[in-house]
Amino acid sequence: MSLDCCVVPSASIQANAVPLSQLPRGVTARVIGVSALHPNDSIAERLGELGFVPGELLLVIAHAPWGKDPILVKIGASRFALRLAEANRVTVAIGECA
Amino acid sequence: MMPIHIALVGNPNAGKTAIFNRLTGARQKVANYAGVTVERRSGTFILPSGRHVEVMDLPGIYSLHTLSADEHITRDLLVGALPNEQRPHMVVCVVDAANLQLHLRLVLEVRALGHQVIVVLNMMDSAARRGITIDLALLQRHLKLPVVSTIAVQRGGTDALIAALSVTFDSASSLQSTAEAAVGSRNIEQTKTRHAEVRAMLDAAVSFPTRAYRRDDAFDRWLLHPVMGLIVLAALLLLVFQAVYFVGRPATEAIGDLFSLLGELAKTHLPDGPLFDLVNEALLGGLGTLLGFLPQILVLFFFIQVLEGSGYLPRAAFLLDRIMRAVGLSGRSFIPLLSSFACAVPGILSTRSISNARDRLTTILVAPLMTCSARLPVYALLIAAFIPPRLTLGVFNLQGLVLFALYVAGIAGAIVVAWVTKRLRGFSSDHNEIALLMEMPAYRWPSAWDIALALWERARVFLARLTGLILALTVLMWCLTHYPSAPANAIGPAIDTSFAGYLGRAVHVLFAPLGFNWQITVALIPAFAARETAVAALATVYAVAGQGGGEGLLQPQTLASVLSQSISLASALSLMVWFVFAPQCMSTLAVIRRETGGWRWAIISFAYMFALAYLTSFVTYRIADTFS
């Protein structure tokens, strides 16, 4: 895949962890986890099904005009538009090769 | 022998409908974005052995834990929850060969249900172009399911699937329907396990070049750029409306000339009398005038098709999501609203992909405000009559700009109505957050064949409407304008003493404040059933009233010039605004009733649009009248 440029050492994961909503454009990061905001959070569950699972690499390709919301995220061979409220549920770790 | 039932299941935009069309020879709509198919559809084809196969095309799903009305259909069929539906003997899992990671996860979910499954790797050509190589035999071994590859957009592209079906069913002595199955509760651990399984499979059987998506990345960098992206979007829209004029107008005039010729023929071959008048005024004059606008509709559709096929539409939704949210709609509403520019009926149907019920209802309410293609002939007629075709700012045709403005007026109206709806329903604190979660498809060159087919289909629908409902309304209109016949001693045109004359003057009281004369009022009445009828009706009324220069037959150009002499610019502007907002389509009301399950929302929709149209036309007329 085109994203496999960086390896995040497990020790540094917590130090570099940010919500996906704050990931700068063009920086490759690795998914740490998706958190549900409430029980039966179908958005969090759907995110998992779309490939937002720990270990996957992703990249923010674009920010929309007016407030950088939504964002376009490339994960695997897919691209998804996520509003910041949705992207907030995903925590990612930024690697050294940013 | 009993037909074999198969069902096409897969992620959105995997190409299920393209395969369905290729197998059955159907012409269901295909486009390059998620959620084109929102209903189940059946078709049949015959295997080389002569066995009949009934194939069902289903809406795409990301998971069996479905969220929206269209996805539920697919899940219900898979688990056997549709009591009146024949269970399939085989589930055909369609996956995009260039996006195996996402699509194979769903295959694993479907496999767990225990059906007989065959996996179809579709769009193999696009995967090959990206340099992705797939070892089918190895993948098959890992999946423990038969795998075939297809290119649904190519002639013969589904031969491998047909061969595999033949092998499976020609030797089978009896057919086994799939059993009932249950979808397990949602489980994040299972999702992770399945992703890992897919990952392992891909590592073994598939090789990706490092820059397989370089071209898409480059396009997205420009087309989704916060500034450049918006400039490109605006430029594209302007180009479309300019093209409608530059390309469509000459064709319209050519059709007008053809009908003049037919009028001459009718004159020499038909005896004078009611039959000649009917042919001349209603058929050639009325329907002919309307037919003249078909080229402009086709030019518009050409651009819609190109945008749909390329994968640009969801990108436009991405750029404008902020506006949608400000008025309480999700980006999901964008595609149904865009479809409504062709026609509100499929637009309203495609709201089934919106999971939030109130969000869906708001979208249904505002969808008819999008400028559908039936408005185009009316706009084109009024613009030709009242707006000079001069260049503004050096490059833009003023007529194209006014057309653009009318489209914008419809969008602005929709924004206001959606905002008011959001206010009315209040800021309730439910968990039904309005999600976007929208997939962006890979860019693709639109196929010339698909575009040609879609244009042909559009022309066919237009002609069917023209020779059906609109013909009936126009002939009825003509009769009302002719009978009862004028008394022998009548002064002035015969129409004055006809039913239409009385009707027009009676209803005129209601429409006079908007600046409409009674002839326009008469033409507006059949337009409540189908708005483009107004063009044919106006042509008939003015032809009968003898304002076409005595010869009767009116061409788009002549009708335009008659209109420009008989009503003021203020009235014309008011009429354009009326057509932006007025509820003038029976089919739309019928589909609203069907999709919302009752008359209530259809009536509300009619009432608010009527009020909105009346108010805005009134204000437009008063303002324009003051300044002119």
Side-chain angles (χ1 to χ4, degrees), chain A residues 1-5 20-21 25-26 28 31-90, chain B residues 62-63 65 67 96 98-103 105-106 109 130 132 186-188 191-192 194-196 198-199 202 208-214 216-217 220-221 223-227 229-230 314-315 317-323 325-326 330-331 355 431 433-442:
Chain A
M1 299 247 118
S2 54
L3 292 175
D4 50 6
C5 78
L20 173 54
S21 51
R25 198 167 65 89
T28 302
V31 176
I32 297 177
V34 177
S35 48
L37 293 188
H38 48 84
N40 299 323
D41 184 351
S42 60
I43 293 174
E45 284 159 358
R46 179 52 64 89
L47 283 169
E49 289 160 352
L50 295 181
F52 293 85
V53 289
E56 289 295 322
L57 292 167
L58 53 71
L59 176 71
V60 174
I61 299 182
H63 290 126
W66 303 298
K68 297 187 171 184
D69 185 11
I71 59 175
L72 184 67
V73 182
K74 179 164 141 185
I75 182 161
S78 311
R79 288 143 204 268
F80 294 103
L82 304 183
R83 286 182 176 170
L84 293 188
E86 291 144 32
N88 259 329
R89 292 171 164 90
V90 182
Chain B
Y62 286 105
S63 133
H65 297 99
L67 299 177
D96 176 359
N99 195 348
L100 292 174
Q101 199 182 338
L102 179 67
H103 291 208
R105 199 204 58 79
L106 177 67
E109 231 183 300
R130 292 172 198 280
I132 300 170
R186 250 181 161 162
N187 179 339
I188 184 68
T191 303
K192 286 181 194 165
R194 289 201 173 119
H195 272 296
V198 169
R199 164 69 60 203
L202 296 184
F208 295 91
T210 41
R211 302 297 306 273
Y213 301 92
R214 180 193 305 212
D216 298 78
D217 290 348
D220 276 344
R221 250 196 313 282
L223 295 180
L224 298 182
H225 186 274
V227 180
L230 287 177
R315 265 92 183 173
F318 175 84
L319 288 172
L320 299 176
D321 180 66
R322 195 59 210 243
I323 299 174
R325 184 169 10 162
S330 86
S355 45
H431 277 317
E433 180 183 350
I434 296 170
L436 182 60
L437 278 180
M438 186 168 54
E439 187 178 1
M440 295 286 146

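Sequence lines set the chain letters: A, B, ... in the order given, protein chains first and strands last, and positions in each chain run from 1.
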Q. Does B:Asp217 reach the side chain of A:Arg79, with side-chain heavy atoms less than 4.5 Å apart?
A. yes

(Q) Determine whether a donor-acceptor pair (N or O, by modelled atom type, separation under 3.5 Å) exists between the side chain of B:Arg322 and the backbone of A:Asp69. (A) no

Q. Under 4.0 Å between a Lys/Arg side-chain N and an Asp/Glu carboxylate O for A:Lys74 and B:Asp216?
A. no

**Q.** For A:Ala77 against B:Gln101, the heavy-atom pair lying closest together
**A.** N-OE1, 4.2 Å

(Q) Could you walk me through whether A:Phe80 and B:Leu102 satisfy the side chain to side chain contact (heavy atoms under 4.5 Å, CB included) test, starting with their C-alpha distance in whole Å, then the side-chain angles of each, then the deciding distance to 0.1 Å, before giving a yes or no? (A) CA-CA 12 Å; A:Phe80 294 103; B:Leu102 179 67; 4.0 Å; yes

Q. Side chain, backbone, both or neither: which part of A:Arg25 has a non-hydrogen atom closer than 4.5 Å to chain B?
A. side chain

Q. Could you give the distance from CZ (B:Phe318) to CZ (A:Arg83), rounded to the nearest 0.5 Å?
A. 11.5 Å

Q. Looking at A:Gly55, A:Ala64, A:Ala36, A:Gly67, which has the largest count of heavy-atom pairs under 4.5 Å with chain B?
A. A:Ala64

Q. Do B:His65 and A:Ser42 touch side chain to side chain, with heavy atoms closer than 4.5 Å?
A. no

Q) Are the side chain of A:Glu86 and the backbone N or O of B:Leu437 linked by a donor-acceptor pair below 3.5 Å? A) yes

Q. Non-hydrogen atoms of chain B under 4.5 Å away: do they reach the side chain of A:Ile71, the backbone, both or neither?
A. backbone

**Q.** Greatest number of heavy atom pairs closer than 4.5 Å to chain A - which of B:Thr191, B:Asp321, B:Leu224, B:Ile323
**A.** B:Asp321

(Q) I'd like to verify something: which residue of B:Arg221, B:Glu109, B:Arg315, B:His195 has the highest number of heavy-atom pairs under 4.5 Å with chain A? (A) B:His195

Q | Qualifying residue, where the test is side chain to side chain contact (heavy atoms under 4.5 Å, CB included) with A:Val53 and the options are B:Arg194, B:Arg105, B:Lys192 | A | B:Lys192

**Q.** Side chain, backbone, both or neither of B:Ala196 within contact of chain A (heavy atoms, under 4.5 Å)
**A.** neither

Q) In Å and rounded to the nearest 0.5 Å, what is the CD1 to OH distance from A:Ile61 to B:Tyr213? A) 11.5 Å

